[in-house]
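Only one structure is covered here, and it is reproduced in the block below.
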Amino acid sequence: MSKGYIFCTKCGAKNSADSKFCVKCGSKLVNNLTGNNESNKLQGNDTLQFNSDLVHPKQGGSRNKSILWWVLAIAIVIVIGIAGYQNHLKQQRADIRSYVYDELNKDDFKVKIDQNDRSITVVPESSEIRYALRYIALEDADVDDADDMDDSVKNISKKVYENEGKGWTVSLQNPDNSKRFFWIYKDGKAKYRMQDHAVSYDSYGDYGDDYDFDD
């Protein structure tokens, strides 16, 4: 009787070397050196394949990679979209300032832009322009300079309306009271002018049909 053992090629059970049939499944055993080697190889290969499938499931791994790529692609699109929108806002602010400084001296005025409220405030900065605006107010806006300033604010409003869309308000601030304004235009239409006391609303066509006299 030989010593040692062999494995069943069908179920992989361990059997004594002189067994002719598997003690577990009853299959006929190959009782020679080559058979033992083949049985061991088969057993080892089956175990290796089984363990490999557990650690790296082929189908599940592919699905996880696909999901990861989709998440990454969506994240990239979102980042690009945010960056593009920020660039749009930056360019819009630059364009609006150019509309203002096409009409008014850059050294005399500062521009405040609120893109959420769609408001543009033109603030007198230099001592010369602040003095000029005070003079216009003291003269009850009954001077040519008042009409020129009115035309400038109106032209700014029209340019903004034509290039940036409706809903934008352009206001020229009182040099001595930041909460009050000398001229206010929206979409190219006057909402308030210093000359209001001297010019009838009914005879001034730029007010438009939707002007609110209580504003």
Side-chain angles (χ1 to χ4, degrees), residues 1-102 106 110-123 156-171 178-179 185-188 210:
M1 180 181 294
S2 62
K3 297 181 179 181
Y5 59 87
I6 60 174
F7 290 100
C8 175
T9 58
K10 184 174 182 180
C11 69
K14 184 178 180 180
N15 295 269
S16 61
D18 57 353
S19 299
K20 296 185 180 296
F21 297 94
C22 178
V23 295
K24 184 175 181 180
C25 69
S27 299
K28 187 175 181 179
L29 299 174
V30 178
N31 189 8
N32 55 53
L33 184 60
T34 304
N36 284 339
N37 288 339
E38 290 177 352
S39 296
N40 288 328
K41 289 179 181 179
L42 178 61
Q43 176 69 15
N45 289 339
D46 284 349
T47 303
L48 180 60
Q49 182 64 40
F50 176 73
N51 291 337
S52 176
D53 288 346
L54 282 177
V55 177
H56 302 290
K58 294 180 180 179
Q59 185 175 1
S62 177
R63 184 183 300 110
N64 290 339
K65 288 182 179 179
S66 178
I67 293 174
L68 179 61
W69 279 112
W70 273 108
V71 171
L72 182 60
I74 292 172
I76 291 174
V77 170
I78 291 174
V79 170
I80 292 174
I82 292 174
Y85 183 66
Q86 292 298 327
N87 287 335
H88 162 72
L89 293 179
K90 182 179 180 180
Q91 184 60 52
Q92 186 180 62
R93 291 192 294 271
D95 291 341
I96 288 173
R97 287 188 173 89
S98 71
Y99 307 147
V100 174
Y101 294 134
D102 283 345
K106 187 175 183 179
K110 179 175 69 175
V111 182
K112 295 181 179 180
I113 303 170
D114 188 328
Q115 288 164 292
N116 291 324
D117 291 340
R118 287 182 166 250
S119 65
I120 303 163
T121 303
V122 182
V123 183
I156 294 169
S157 181
K158 286 183 176 180
K159 288 180 181 179
V160 173
Y161 173 67
E162 291 168 357
N163 293 281
E164 307 301 332
K166 64 182 180 179
W168 286 89
T169 300
V170 180
S171 308
S178 63
K179 295 183 179 181
Y185 276 80
K186 184 175 181 180
D187 298 337
D210 59 347

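- Applying the side-chain hydrogen bond (donor to acceptor under 3.5 Å, both in side chains) rule to E162 yields no partners; only residues at least two apart in sequence or on another chain are considered.
- Among residues two or more places apart in sequence or in another chain, the side-chain hydrogen bond (donor to acceptor under 3.5 Å, both in side chains) test is passed with D102 by none.
- Atoms CD1 and CD1, from I80 and I76 in turn, are 6.5 Å apart once rounded to the nearest 0.5 Å.
- Atoms CG and CD, on N163 and Q92 in that order, are 10.5 Å from each other to the nearest 0.5 Å.
- The heavy-atom pair separating C8 from C11 by the smallest distance is SG-N, 3.4 Å.
- The side chain to side chain contact (heavy atoms under 4.5 Å, CB included) check on I82 picks up I78, Q86, with sequence neighbours excluded.
- With sequence neighbours left out, the side chain to side chain contact (heavy atoms under 4.5 Å, CB included) criterion links S171 to T169, F181, I184.
- For the residue pair Q91 and N87, no side-chain donor N or O sits within less than 3.5 Å of a side-chain acceptor on the partner.
- Taking both residues in full, the closest heavy atoms of F21 and K28 are given as CD2-CA, 3.8 Å, listed atom of the first, atom of the second, then distance.
- Annotation for S157 and G188: closest pair OG-N, 2.7 Å, computed over non-hydrogen atoms.
- Taking each heavy atom of D187 and G167 in turn, the nearest pair found is OD1-N, 2.7 Å.
- K14 pairs by the side chain to side chain contact (heavy atoms under 4.5 Å, CB included) definition with Y5, F7, not counting sequence neighbours.
- Take R93 and apply the side-chain hydrogen bond (donor to acceptor under 3.5 Å, both in side chains) test, not counting sequence neighbours, and it matches Q115.
- Considering only residues two or more places apart in sequence or on other chains, Y161 meets the side-chain hydrogen bond (donor to acceptor under 3.5 Å, both in side chains) condition with none of them.
- Between A13 and K24, the shortest heavy-atom distance links the atoms CB-CB, 3.7 Å.
- Contacts of Y101 classified as side chain to side chain contact (heavy atoms under 4.5 Å, CB included), with partners at least two apart in sequence or in another chain: R97, K106, V111.
- By the salt bridge (charged side-chain N to carboxylate O under 4.0 Å, His left out) test, D114 is found to be paired with no residue, residues two or more places apart in sequence or in another chain being considered.
- Two residues are said to be in side-chain contact when any heavy atoms from C-beta on lie closer than 4.5 Å; I96 and W168 meet this criterion.
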- Task: Walk me through it: do Y185 and I120 pass the test side chain to side chain contact (heavy atoms under 4.5 Å, CB included)?
- Result: CA-CA 10 Å; Y185 276 80; I120 303 163; over 6 Å; no

- Task: Any chance you could lay out the side chain to side chain contact (heavy atoms under 4.5 Å, CB included) test for T9 and S27, step after step, and finish with the verdict?
- Result: CA-CA 8 Å; T9 58; S27 299; over 6 Å; no

